[in-house]
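Below is one structure, written out as structure tokens, with a few remarks after it.
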Amino acid sequence: MNNPAQTVDAHSVMFITPRPEVIMVEGKGSWLVDNNGKRYLDFLQGWAVNCLGHGNPGMIEALNAQAKKLINPSPAFYNEPMIGLSNLLTANSCFNKVFFANSGAEANEGAIKLARKWGQLNKPGAFEIITFDHSFHGRTLATMSASGKPGWDTLYAPQVPGFPKAELNDLDSVKKLVTDKTVAVMLEPVQGEGGVIPADATFMKDLRQFTKENSILLIVDEVQAGCGRTGTLFAYQHYGIEPDIMTLGKGIGGGVPLAALLATDAVACFVPGDQGGTYNGNPLMTAVGISVIEQLLAPGFLDSVKAKGELLRSELLALSHEFNLGGERGEGLLRALILGKDIGGKLVELARDRAPEGLLINSPRPNLLRFMPALNVSDDEIRQMCGILRELLKLTT
Ligand SMILES: *Cc1c(COP(=O)(O)O)cnc(C)c1O
């Protein structure tokens with residue numbers, strides 16, 4: 001620990017984002033350790049990916065055991081973990097069929113293709129999918145086009161056509177965009193990158209009823225909000241609705257590349273040649289997915305996520321009162337603190353660079369902070385995180 005900080009030579013790594021001059025080397029639970037031995041309390045968890053924290057023993061065991069047995073027989077064959085995870089997901093949701101992918105964007109591409117295919121069969125000429133301002137669906141060309149992120153309409157223009165944008169929680173804005181060409185509406189139950197904005201209960205219920213009455217599919221992108229993050233296994237379950245299609249990513253693999261496209265029997269209309277992928281449903285990743293979902297479904301686990309979400313909520317509200325901030329919002333362990341001024345980026349940096357221990361948080365918009373800790377974060381770690389924030393807010397407000 002007395003050694004001077006090592007410099008990082010990463011000239012061969014393609015530049016896509018500014019990174020701090022450290023290398024992350026180890027992780028355990030809610031803590032990450034860099035090459036200088038500095039510890040960080042991790043409330044990012046790989047952008048809501050490591051739902052069971054770093055170094056989860058069940059996941060490691062599943063990965064090791066499956067690696068020894070069979071890594072990839074090719075997607076042309078069934079394998080045991082592929083079937084096991086499909087069964088687990090369909091038994092615990094309103095969906096009947098599962099297609100595995102490797103990233104959230106790829107799962108969403110699959111959802112878009114499935115909806116367009118369903119349109120060809122059931123509503124000739126319909127291909128448009130209504131999405132929402134400030135939504136985020138991934139970084140492939142089609143999912144960037146589906147996203148409502150400012151600036152993305154011109155970056156890499158021309159866009160993939162067919163994604164008119166409505167406003168979240170405004171059913172009239174959806175109705176105005178509906179034409180004979182409309183095949184689906186796609187939304188995040190809680191907009192994550194957009195700043196942790198939940199869809200309200202009446203909007204979601206009314207949207208489901210409206211889409212059903214007009215033969216329009218409802219697609220929920222639960223890449224960020226699914227897999228226990230909001231306190232139920234899937235976020236749509238808060239609303240008492242049943243969507244036609246759902247996508248999962250991030251948490252489903254607990255950190256390994258795994259994603260899924262789920263659909264009801266009525267909608268799952270792919271025929272051979274329509275969809276595929278070299279790594280789709282590979283046993284190495286789906287074996288990890290089984291371990292993750294089984295841990296999320298263990299008795300009491302999701303209740304503990306709800307309780308921890310409440311604790312985080314009350315701690316953030318206390319900070320908001322103390323420093324005269326704009327409150328907090330979110331669901332379960334996907335929450336945001338509204339700062340009321342553009343100090344998010346500054347706080348993220350101060351938190352990370354703090355000594356002796358750093359804190360990892362994120363600011364998807366300059367006037368708020370987002371928190372997505374491991375779902376098994378301890379009460380103590382939540383209080384510790386808020387203690388560090390208190391210290392930093394004193395410096396900046
Ligand atoms: C992260 C995210 C995606 C994209 O997932 P990748 O695995 O990065 O491709 C899609 N939708 C939502 C809601 C996300 O949060």
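- Among all heavy-atom pairs drawn from A166 and I130, the shortest one is CB-CG2, 3.9 Å.
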Could you please spell out the steps behind the salt bridge (charged side-chain N to carboxylate O under 4.0 Å, His left out) verdict for K149 and E193?
CA-CA 9 Å; K149 214 169 145 88; E193 305 302 308; 5.3 Å; no

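- Taking the six-membered ring wherever Trp is involved, the centroid distance between the rings of F95 and Y236 falls below 6.0 Å.
- Heavy atoms from other residues, nucleotides or ligands lying under 6.0 Å from NZ of K346 number 12 at most.
- At least one side-chain heavy atom of L114 sits under 4.5 Å from a side-chain heavy atom of C269.
- Using a 3.5 Å distance cut-off with no hydrogens or angles, the side chains of N280 and Q275 do not pair a donor with an acceptor.
- Hydrophobic clustering, with ILVMFWY side chains joined whenever heavy atoms are under 4.5 angstrom apart, groups V292 together with V256.
- Between N108 atom CG and S103 atom OG the span is 8.5 Å, to the nearest 0.5 Å.
- No side-chain heavy atom of E222 sits under 4.5 Å from any side-chain heavy atom of C227.
- Between L339 and F323 the shortest side-chain heavy-atom distance does not fall below 4.5 Å.
- Counting only distance, with no hydrogens or angles, the side chain of S320 and the backbone of L316 share no donor-acceptor pair below 3.5 Å.
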Worked check of side chain to side chain contact (heavy atoms under 4.5 Å, CB included) between L312 and E328:
CA-CA 10 Å; L312 179 57; E328 75 88 57; over 6 Å; no

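- Surrounding NZ of K69 are at most 12 heavy atoms belonging to other residues, nucleotides or ligands under 6.0 Å away.
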After noting the C-alpha distance and the side-chain angles of F203 and L168, does the key distance pass the side chain to side chain contact (heavy atoms under 4.5 Å, CB included) rule?
CA-CA 8 Å; F203 172 73; L168 189 66; 4.1 Å; yes

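- Linking ILVMFWY residues whenever their side-chain heavy atoms come closer than 4.5 Å, directly or via other members, places L258 and I71 in the same cluster.
- In this structure, R390 CZ and L319 CG are separated by 5.0 Å, a value rounded to the nearest 0.5 Å.
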Quick one, D244 with R208, criterion salt bridge (charged side-chain N to carboxylate O under 4.0 Å, His left out). Give me CA distance, side-chain angles, the key distance, then yes/no.
CA-CA 10 Å; D244 301 294; R208 174 66 285 192; 3.1 Å; yes

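- Remark: the D200 side chain and the N169 side chain contain an N/O donor-acceptor pair separated by less than 3.5 Å.
- Grouping the Ile, Leu, Val, Met, Phe, Trp and Tyr side chains by contacts below 4.5 angstrom, directly or via other members, places L261 apart from V185.
- Side-chain contact annotation: E310 with S314, donor-acceptor N/O pair under 3.5 Å absent.
- Scanning all heavy atoms of the two residues, the minimum distance from G228 to L296 falls at N-CD1, 4.3 Å.
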Decide side chain to side chain donor-acceptor pair (under 3.5 Å) for N56 and Q295; before the verdict, give the C-alpha distance in whole Å, the side-chain angles of both, and the deciding distance to 0.1 Å.
CA-CA 10 Å; N56 176 259; Q295 292 187 63; 2.7 Å; yes

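- With hydrogens and angles left out, the side-chain atoms of W31 and E381 include a donor and acceptor closer than 3.5 Å.
- Not one N or O on the side chain of E331 forms a donor-acceptor pair closer than 3.5 Å with the backbone of R335.
- Remark: the H134 side chain and the E167 side chain contain no N/O donor-acceptor pair separated by less than 3.5 Å.
- Summarising the geometry, atom NZ belonging to K117 is positioned 11.0 Å from atom CG belonging to N122; distances are rounded to the nearest 0.5 Å.
- Here the SG-CD distance, from C386 to E391, works out to 12.5 Å after rounding to the nearest 0.5 Å.
- Across every non-hydrogen atom of D265 and K97, the tightest pair is OD1-NZ, 3.1 Å.
- For T247 (side chain) and V223 (main-chain N/O), no donor-acceptor pair under 3.5 Å exists by modelled atom type.
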Is there a side chain to side chain contact (heavy atoms under 4.5 Å, CB included) between Q384 and E357? Walk through the geometry before answering.
CA-CA 11 Å; Q384 210 176 333; E357 281 166 348; 4.1 Å; yes

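- Note on L262: it clusters hydrophobically with I241, by side-chain heavy-atom contacts below 4.5 Å among ILVMFWY residues.
- Considering all non-hydrogen atoms of both residues, N50 and G254 come closest at OD1-O, 3.4 Å.
- The two atoms that bring V267 and W118 nearest to each other are CA-CD1, 4.0 Å, heavy atoms only.
- Although no hydrogens or angles enter the test, the distance criterion places no donor-acceptor pair under 3.5 Å between the side chain of E188 and the main chain of H137.
- Looking at D379 and K308, no side-chain N of the basic residue comes within less than 4.0 Å of a carboxylate O on the acidic one, giving no salt bridge.
- Salt bridge status for R352 with E349: absent, with no side-chain N to carboxylate O gap under 4.0 Å.
- The two residues A259 and I252 come nearest to each other via the heavy atoms CA-CG2, 4.1 Å.
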Take L369 and F43 through the side chain to side chain contact (heavy atoms under 4.5 Å, CB included) test and state the conclusion after the steps.
CA-CA 11 Å; L369 294 175; F43 270 60; over 6 Å; no

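- Counting only distance, with no hydrogens or angles, the side chain of N214 and the backbone of I216 share no donor-acceptor pair below 3.5 Å.
- Heavy-atom contacts from other residues, nucleotides or ligands closer than 6.0 Å to NZ of K181 number 12 or fewer.
- A donor-acceptor contact shorter than 3.5 Å is absent between the side chain of Y40 and the backbone of M24.
- For OH of Y279, the number of neighbouring non-hydrogen atoms (other residues, nucleotides, ligands) closer than 6.0 Å is 12 at most.
- In this structure, the separation between CZ on F371 and CG on L334 is 11.0 Å, given to the nearest 0.5 Å.
- Looking only at distances, a side-chain donor or acceptor of K123 sits under 3.5 Å from a matching main-chain atom of T182.
- Note on W152 and L187: separate hydrophobic clusters, where clusters join Ile, Leu, Val, Met, Phe, Trp and Tyr whose side-chain heavy atoms are under 4.5 Å apart, directly or indirectly.
- One side chain, T230 or H238, offers a donor N or O that lies under 3.5 Å from an acceptor on the other.
- Interatomic distance, F100 CZ to L248 CG, rounded to the nearest 0.5 Å: 9.0 Å.
- Under a cut-off of 6.0 angstrom, the local environment of CD in E61 is sparse, with at most 12 non-hydrogen atoms contributed by other residues, nucleotides or ligands.
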